[in-house]
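Accompanying notes for the structure given below.
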Amino acid sequence: MTHFFFCLETYAVIFLIVTDMPVQKVNDSSDLDAKVPAHLQRTSITGLTVTSDPSHRCVKARVVHKGPVISCAQKDGIEMLRAEIREEDLPQSTAEHTSINVIFFGTLAKDFSQSVRQGDVVLLADFTIRKSPSFLRDKLHPCQLEMDGIDACVYVCPSAAPSQGPSCSEAKYTYVPLNNLKHKTVVNVYGVVTFFKPPFPSKGSDYCSALKITDQSDVKVSCNIFSKKLEDHPVIFRVGDIIRLHRFKAETFNDSMTLLNTYGWSAVTFDGIIDSPVAPRTSSKSFHFGESDKNTVQELRQWAASQSLISNDPTVSLSSVHPGMYFDLTCQLLAKAVMDSRCILLKVWDGTKCEHPLLKVAVASDALEGESTVAKDRMNLTANVLVYDNHMETAQDLKPGTFLRFYNLRSLLQRAPDQQPDQAEHLSFHLHGGTTYGRGLRSLPAESPDLQSLKSVLENHVDLDEYDEVNDGTLLEIWYTPPEAVVLPNDEEPDGEADTGLSYTVRTCEHNTQQLTLARVKRSTPPLSCHVRARVKKYHPQQLYQCLKLFCSKCKTMKDVPDDGAVAKVFRESARENQPCDEQWAATSSASSREAGRTISMHISRDMVGQSTHMQLIFVEGTTLDEICVLSRDYKNLVPVRSENGRMALMDLTAPFLFSGDKRYYGCKRCSLNTFENHVFTGVETYDGQAVAEALGVQMMQYGLLIQFELDDGTDTLEALLWENAEKFFHVSAVDASGSQDLQDKIQTIMDTVQPPQSSLEERPWLDLCLSVYNVKDDDRNKVCYQITNSEIREE
DNA sequence: GGTTAGGGTTTG
């Protein structure tokens, strides 16, 4: 028994010591200043930066938010508490960053939680200053204070008890109940907002705000406010807000009273939440605001709560949005992008998960302002809101991180561009043009009372995100350690060789992008450039001659190089019953072929007669494919032609329009004009494929190499094209390869190294590759494509 | 000391 009591007492004593040390109470705010130990110097919250020297400094501020004590799993379960404090006795009231987050750790967190209430004034000493991880979200302060360690201490002055009775200050203004308005009188009124439209340009010179208000008399009165300056319009966030109007003229219109602002008018608004601080919102430089105003606001709040005004709140979270709704959405802006002159995209979230898949709107990453939403997209948290017409003006000015509210937002089911017909449709959001039904959007100050719950929801998500990032990084490392199968039993290959060892390719790009796993690449949003390390699982075409392609840069047609059978057929058909053509500009020599009735003719421009045969452009008529191939051993540039009503014409473009040594040049059937004019051949000194093509009115097709690799890095597989970068990759020119068995063999050798026949994946070399990830429209569907860029075979 | 608008069955 004795032993038991002894233990209890010891525990209590320790507890007292621990709690007494860090948080000390004083009775008056001015005592706080006296409490400042001599070695400490008071510093202003607004001036704190991460580089500020925190030693021997302290801050004094009011606690405006106090969070719960939480146990932080990532930090060995240490207890933490977040509070927000605001500096009040500042010389200039407009200073930025007067509020700051403070994180209390360990026993200090528990003690602060027990000893300090919201509204208390505190003095904090010996804190650490760190970059605020939540600045983008809460806009409070670029830094946060951390109270940790033995020196950190808190002095607290509890806030005064709620004031007793009415203040002695006299009411300077009288307010007319809304049922007592008289025509053509100028009045002051108080009311609860039951409807409001954002300011819109009138046909006159001003913006016009239209609203409807009511009070305990239950009369609803319309009110119009005209002002050139947008910032002078009342700051209304939602139906249920309280508004005070000074110097408004009452007028009868359509059998009811309306209110119109007159000279010297002012409008002040308050939120309608019972028990929230009565904080006036206005742009007026000076306005009277006293104890009686507070009372009036509180009374109106109480009355409004009993009415159906607020219960008709159209505010809906993303988790409860249904298709076809019109609703208000309170959210945070993540990113934005101008779509066209009448539409801007706002990517927002409210931390809740939508039941319907959310429509993804693809935007080039350089057109997007703000953070990447990839992680949130994946969790179905990002709402893409298309904002039209008059609302663009407001949307343009919003900065990512801003809290905002959409009014009368429309949700619609839409089929995504790349979506299969059997999949669920996606939810899109439109803020249509116009202001009917109060349609619009506006930013909300981060300290808005009705944002607090939203902010805490977002806060939880961000923690998840950060955790996710850490995990991904860890996974990355794990993936790059070679799988056990790679480690050779005879230890010929040092450990981790596959991981960090020599790659059969080198990257030639200058950008320094992080290396990603294929699994990660597949989750990314195009467009994107990234680095990967992978092996080739398969490639197509296996018959490598099929990788040689013809490509028209004009119409983008791509086709295989015609095989000799098809070309020979064109020659045979052109030669059949061919009568040599007769052109004034040409010198012609003809000979009989071995076949009866077929004449072979060769034409050259008259002004080229006598030049070297290598300089001559020779038009050949009536040959077979084999014959022109024989001729091309002796003549550099041969253009196969046929006769059409005695005039020279090109053959069908299935056949090459030019034989030049080992190379054959083809024209695009779709884009070639086939204008055959003699004068264009004179005065040309050298003939390359392009020059001849231009002279003949042919759109020349380019040679290219196209191979599809199936890449594998153990995390996933991915099909990547080698096309634009293929010539550099192989160190081979496609057009040269078209006429060279040696070069074709070189490509085959490289492919046999990348993917040795009958080899297992683990035996194949790793390739360091730069990948380009991009969208391609295919039959009106968006398809993500991967292309190997900036990568080459390593040549010793 | 003038004018604007005066909510509304919305739409990409």
Side-chain angles (χ1 to χ4, degrees), chain A residues 178 181 183-186 191-214 219-230 232-234 236 238-241 243 245 247-265 267 309 312 314 316 321-329 337-346 359 361-363 383-392 395 406-417 425-441 780:
Chain A
L178 294 175
L181 298 176
H183 184 59
K184 295 213 169 183
T185 57
V186 173
V192 184
V193 176
T194 62
F195 171 81
F196 69 103
K197 261 187 186 194
F200 58 93
S202 71
K203 292 197 178 72
S205 57
D206 298 341
Y207 282 98
C208 175
S209 287
L211 48 136
K212 197 163 252 182
I213 59 173
T214 187
V219 168
K220 288 197 175 67
V221 174
S222 291
C223 175
N224 289 309
I225 298 164
F226 293 98
S227 175
K228 280 183 184 49
K229 291 185 192 164
L230 274 175
D232 287 347
H233 283 258
I236 303 169
R238 65 193 312 160
V239 165
D241 280 356
I243 190 163
L245 303 173
R247 297 196 61 79
F248 274 63
K249 188 163 74 180
E251 277 182 339
T252 312
F253 177 79
N254 278 352
D255 299 328
S256 56
M257 278 295 168
T258 62
L259 290 163
L260 197 62
N261 56 327
T262 63
Y263 301 94
W265 68 281
L309 285 168
N312 293 337
V316 164
V321 173
H322 296 298
M325 276 174 87
Y326 288 94
F327 65 104
D328 291 358
L329 177 69
V338 174
M339 305 297 284
D340 59 53
S341 64
R342 297 186 64 189
C343 180
I344 187 165
L345 169 71
L346 297 184
L359 187 77
V361 179
V363 178
N384 286 292
V385 181
L386 293 165
V387 174
Y388 296 97
D389 300 338
N390 56 313
H391 307 300
M392 284 184 78
F406 292 99
Y407 305 93
N408 197 236
L409 186 62
R410 179 87 201 270
S411 66
L412 268 185
L413 276 186
Q414 258 174 266
R415 199 164 285 287
E425 290 189 301
H426 291 216
L427 208 53
S428 64
F429 300 92
H430 301 261
L431 189 72
H432 298 300
T435 56
T436 49
Y437 286 93
R439 193 181 306 129
L441 76 165
D780 272 331

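Note that the structure is predicted; figures quoted are calculated from it, not measured. Each chain gets a letter, A, B and so on, in the order the sequences are listed, and its residues count up from 1.
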Can you list everything that forms a side-chain hydrogen bond (donor to acceptor under 3.5 Å, both in side chains) with A:Ser202? Sequence neighbours excluded, please.
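None.
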
Residues two or more places apart in sequence or in another chain: which of them pass side-chain hydrogen bond (donor to acceptor under 3.5 Å, both in side chains) with A:Gln414?
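In terms of side-chain hydrogen bond (donor to acceptor under 3.5 Å, both in side chains), with neighbours along the sequence ignored, A:Gln414 is linked to A:Ser428, A:His430.
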
At under 4.0 Å between heavy atoms, how does the protein contact nucleotides 1-7 of chain B? Give one character per nucleotide, 5' to 3', with B, S or -.
B-BBBBB

Please set out all donor-acceptor pairs under 3.5 angstrom arising from side-chain atoms of residues 251-259 of chain A, sequence neighbours excluded.
residue: A:Thr252; atom: OG1; partner: A:His183; partner atom: ND1; Å: 3.2
residue: A:Ser256; atom: OG; partner: A:Phe253; partner atom: O; Å: 3.3
residue: A:Thr258; atom: OG1; partner: A:Glu251; partner atom: O; Å: 3.2

P spacing across the pair B:dT11 / B:dG6, given as an integer number of angstrom
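My reading of the P atoms in B:dT11 and B:dG6 gives 16 Å.
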
Salt bridge (Lys or Arg N to Asp or Glu O under 4.0 Å) pairs, two or more places apart, involving residues 193-214 of chain A:
A:Asp206-A:Lys228

Measure from [atom1] on [X] to [atom2] on [N] and round the result to the nearest Å.
| X | N | atom1 | atom2 | value |
| --- | --- | --- | --- | --- |
| A:Asp340 | B:dG12 | CG | C1' | 10 Å |
| A:His391 | B:dT11 | NE2 | P | 11 Å |
| A:Arg439 | B:dT11 | CZ | P | 6 Å |
| A:Tyr407 | B:dT11 | OH | P | 21 Å |

Does A:His432 have a side-chain nitrogen or oxygen under 4.0 Å from the phosphate oxygens OP1 or OP2 of B:dG12?
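Yes, such a contact exists.
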
Residues that A:Lys184 engages under side chain to side chain contact (heavy atoms under 4.5 Å, CB included), provided they are two or more places apart
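Result, side chain to side chain contact (heavy atoms under 4.5 Å, CB included) vs A:Lys184: none returned.
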
A:Asp389 near the nucleic acid: base, sugar-phosphate alone, or nothing, with a heavy-atom cut-off under 4.0 Å?
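It contacts base atoms.
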
Do A:Asn408 and A:Thr436 have side-chain heavy atoms sitting under 4.5 Å apart?
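A:Asn408 does not reach A:Thr436 side chain to side chain.
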
